[in-house]
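Working notes, beginning with the structure itself.
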There are 2 protein chains.
Amino acid sequence: MSTIGKALGLLDAISRLDREHGLSDIARLCALDKATTRRFLVELERHGFVEQDAETRKYRIGAEPVRLARIREARFPFLSLAVPVLRDLAAASTETVHLAEYSAGRLSNIHVEMSPRAHCVTVDVGSVLPFHATASGLAFLAFSPAGLAEQMLAEPLQAFTRYTLTRAPDLRAMLAETAERGFSISRQGLEAGVVSTAAPVRAPDGTPIGTVAIAAPLVRVNAVRILELGQQVAEAAGQISDAFFGLGQPAPTLSRKAG
Amino acid sequence: MSTIGKALGLLDAISRLDREHGLSDIARLCALDKATTRRFLVELERHGFVEQDAETRKYRIGAEPVRLARIREARFPFLSLAVPVLRDLAAASTETVHLAEYSAGRLSNIHVEMSPRAHCVTVDVGSVLPFHATASGLAFLAFSPAGLAEQMLAEPLQAFTRYTLTRAPDLRAMLAETAERGFSISRQGLEAGVVSTAAPVRAPDGTPIGTVAIAAPLVRVNAVRILELGQQVAEAAGQISDAFFGLGQPAPTLSRKAG
DNA sequence: AAGCGTCGGTTCAAATAGTGAACCAATTCG
DNA sequence: CGAATTGGTTCACTATTTGAACCGACGCTT
């Protein structure tokens with residue numbers, strides 16, 4: 001594997017940590033030598049991708065990604081156009097809403113609007129969503145070229161709860177349903193006690209570039225309510241697609257590479 | 001130089017481009033071999049740091065930095081706390097306001113609030129600010145340990161306009177003035193016809209972590225007005241420092257490494 | 001339509017960079 | 001107090017990166 005790949009993998013590992021960690025910890029986590037890990041961290045730090053706390057000597061994500069993200073947002077204002085819609089959706093549904101973007105073969109959460117209610121689902125920004133176990137993942141695959149779904153189903157599928165669908169035929173059926181319905185539903189696929197529904201944000205040519213999802217506590221949704229939420233999420237996703245590609249956007253095409 | 005450094009340098013080069021470019025262009029710009037450039041781009045793409053347009057084959061910043069930036073913002077909400085203050089400042093001053101963050105030895109623009117006026121200064125988000133030629137740079141250095149300023153002054157200083165101060169003694173005088181006054185002033189240092197004033201956002205221990213600046217067309221400011229704007233910018237910078245470190249923030253320390 | 005330049009992308013021997021076991025010195029813990 | 005961490009460094013060994021030369025395709029000009 002290339003050195004660059006290893007270093008960026010290291011950065012990815014750091015991004016998944018819930019708190020700051022030290023050199024030895026990070027080395028163990030990435031199964032890299034301590035010396036190698038250190039060289040990577042130093043190099044990443046030189047470029048602002050990680051920062052080292054001067055006191056604790058622990059490492060965290062640096063400020064350079066913020067700069068890069070702002071540049072991307074300036075040309076491709078996905079977040080800034082989507083957030084108002086998400087806010088409205090959270091208010092209308094009174095449930096937690098989140099937006100994911102597809103990149104590098106993964107679907108990552110990039111924004112969360114919390115439910116105004118006291119009892120609600122929390123979702124981490126920056127987390128990577130498994131395709132088979134989340135409404136977002138299913139919504140994304142259902143509207144992508146069939147090859148992508150098959151590629152994802154071919155890998156071993158982790159069961160996060162005892163409700164997680166892990167058999168390809170079951171998932172294929174879910175995808176077919178989703179494609180017909182216009183939105184996906186996941187019942188406790190990733191987290192026990194949580195039901196989600198999601199719909200794709202699509203480029204003009206139809207390929208999804210991300211998803212918008214609603215996640216609600218199981219106790220608040222019945223068969224009728226989930227369809228209601230699904231309608232709302234599909235509506236919002238359509239709105240974002242239109243807002244984004246409707247005016248002025250050069251509609252960039254994305255090569256849909258393997259994960 | 002390490003391969004990682006070269007690859008991240010390439011990413012940095014792409015970030016500075018005003019529009020998307022092709023492989024050969026980028027290779028030329030970075031003085032790297034085409035084959036090497038391609039391997040880097042492919043690797044960066046695999047991890048989502050760049051995207052290649054499927055049609056034009058040109059490269060642009062990818063979505064992964066957005067994910068990383070959101071993670072950082074969730075733990076270290078510099079932007080989200082600063083933006084409301086910047087908005088108020090833009091409204092109060094009726095001039096363009098921008099926020100910069102120090103990282104990897106550079107001061108980068110991470111947010112801009114445009115002046116409500118028709119005739120106003122525009123500032124690019126993501127751009128890197130030269131320390132000696134901008135109000136932000138001077139404000140940052142004036143409140144940093146003296147060693148950092150001397151390090152920056154030691155390098156050859158580019159004259160962006162015929163008003164740019166490039167001699168170390170002149171700049172040292174400016175820094176002394178700035179430290180005393182509490183805010184910096186730059187008259188056409190980077191752009192002809194633009195006057196700026198800036199103040200540092202500081203961690204509890206006093207070291208600056210960024211700056212907030214106002215940039216106004218020369219024709220709208222006289223000696224009195226610039227001091228007025230300076231007062232406002234200093235006030236706003238103080239507000240951001242307080243908002244950020246006042247409550248709950250763990251006040252992380254940053255190792256102040258060379259540029 | 002032939003000629004030329006440039007594009008994105010690929011190949012493989014030569015050269016350069018990355019690697020990691022062993023080693024510090026400084027903390028932390030029982 | 002000593003055992004087991006921690007972050008960090010060294011240097012002989014070796015695997016990875018490098019780039020000139022190559023390809024087919026596209027878009028000009030003649």
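Computed from a predicted structure; not experimentally measured. Naming: A, B, ... by sequence-line order, numbering from 1 per chain.
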Residues B:Asp12, B:Arg16; criterion salt bridge (charged side-chain N to carboxylate O under 4.0 Å, His left out); working and verdict: CA-CA 6 Å; B:Asp12 187 66; B:Arg16 273 200 302 268; 2.5 Å; yes
Here the pair of heavy atoms bringing B:Thr178 nearest to B:Leu138 is CG2-O, 4.3 Å
I'd like to check the salt bridge (charged side-chain N to carboxylate O under 4.0 Å, His left out) partners of B:Asp25; sequence neighbours left out, ordered by chain and number. B:Arg28
Base, backbone or nothing for each nucleotide of nucleotides 18-30 of chain C, written B, S, -, heavy atoms under 4.0 angstrom, 5' to 3'? SBBB---------
Nucleotides bounding contact with chain B, strand DNA chain D, heavy-atom threshold 4.0 Å: D:dT17 to D:dA20
Rounded to the nearest 0.5 angstrom, the CG-CG distance for B:Leu190 and B:Leu129 is 7.5 Å
Ordered by number, residues from residues 22-31 of chain B within less than 4.0 Å of DNA chain D (heavy atoms) are none
Using a cut-off of 6.0 Å, state whether more than 12 heavy atoms not belonging to A:Glu191 lie near its atom CD. no
For B:Arg39, give me all partners under salt bridge (charged side-chain N to carboxylate O under 4.0 Å, His left out), at least two apart in sequence or on another chain. none
Find the distance between OG1 (B:Thr56) and NE2 (B:His21) and round it off to the nearest 0.5 Å. 11.5 Å
Would you call the rings of B:Tyr102 and B:Phe140 parallel, tilted or perpendicular, where under 30° means parallel and over 60° means perpendicular? parallel
Within the structure provided, determine whether B:Ile240 and B:Leu81 are in side-chain contact (heavy-atom separation under 4.5 Å). no
One thing to verify: whether A:Lys6 and B:Glu43 come together as a salt bridge, which I'm taking to mean a side-chain N less than 4.0 angstrom from a carboxylate O. no
Do any N or O atoms from the side chain of B:Glu73 and from the backbone of B:Ser80 form a donor-acceptor pair under 3.5 angstrom? yes
Side-chain N or O of B:Arg57 less than 4.0 angstrom from OP1 or OP2 on C:dG8? no
Global bending angle along the helix from C:dA1-D:dT30 to C:dG30-D:dC1, which compares the axes of five pairs at either end, to 10 degrees: 40°
Any side-chain donor near an acceptor of the partner, B:Ser103 and A:Arg67, under 3.5 Å: no
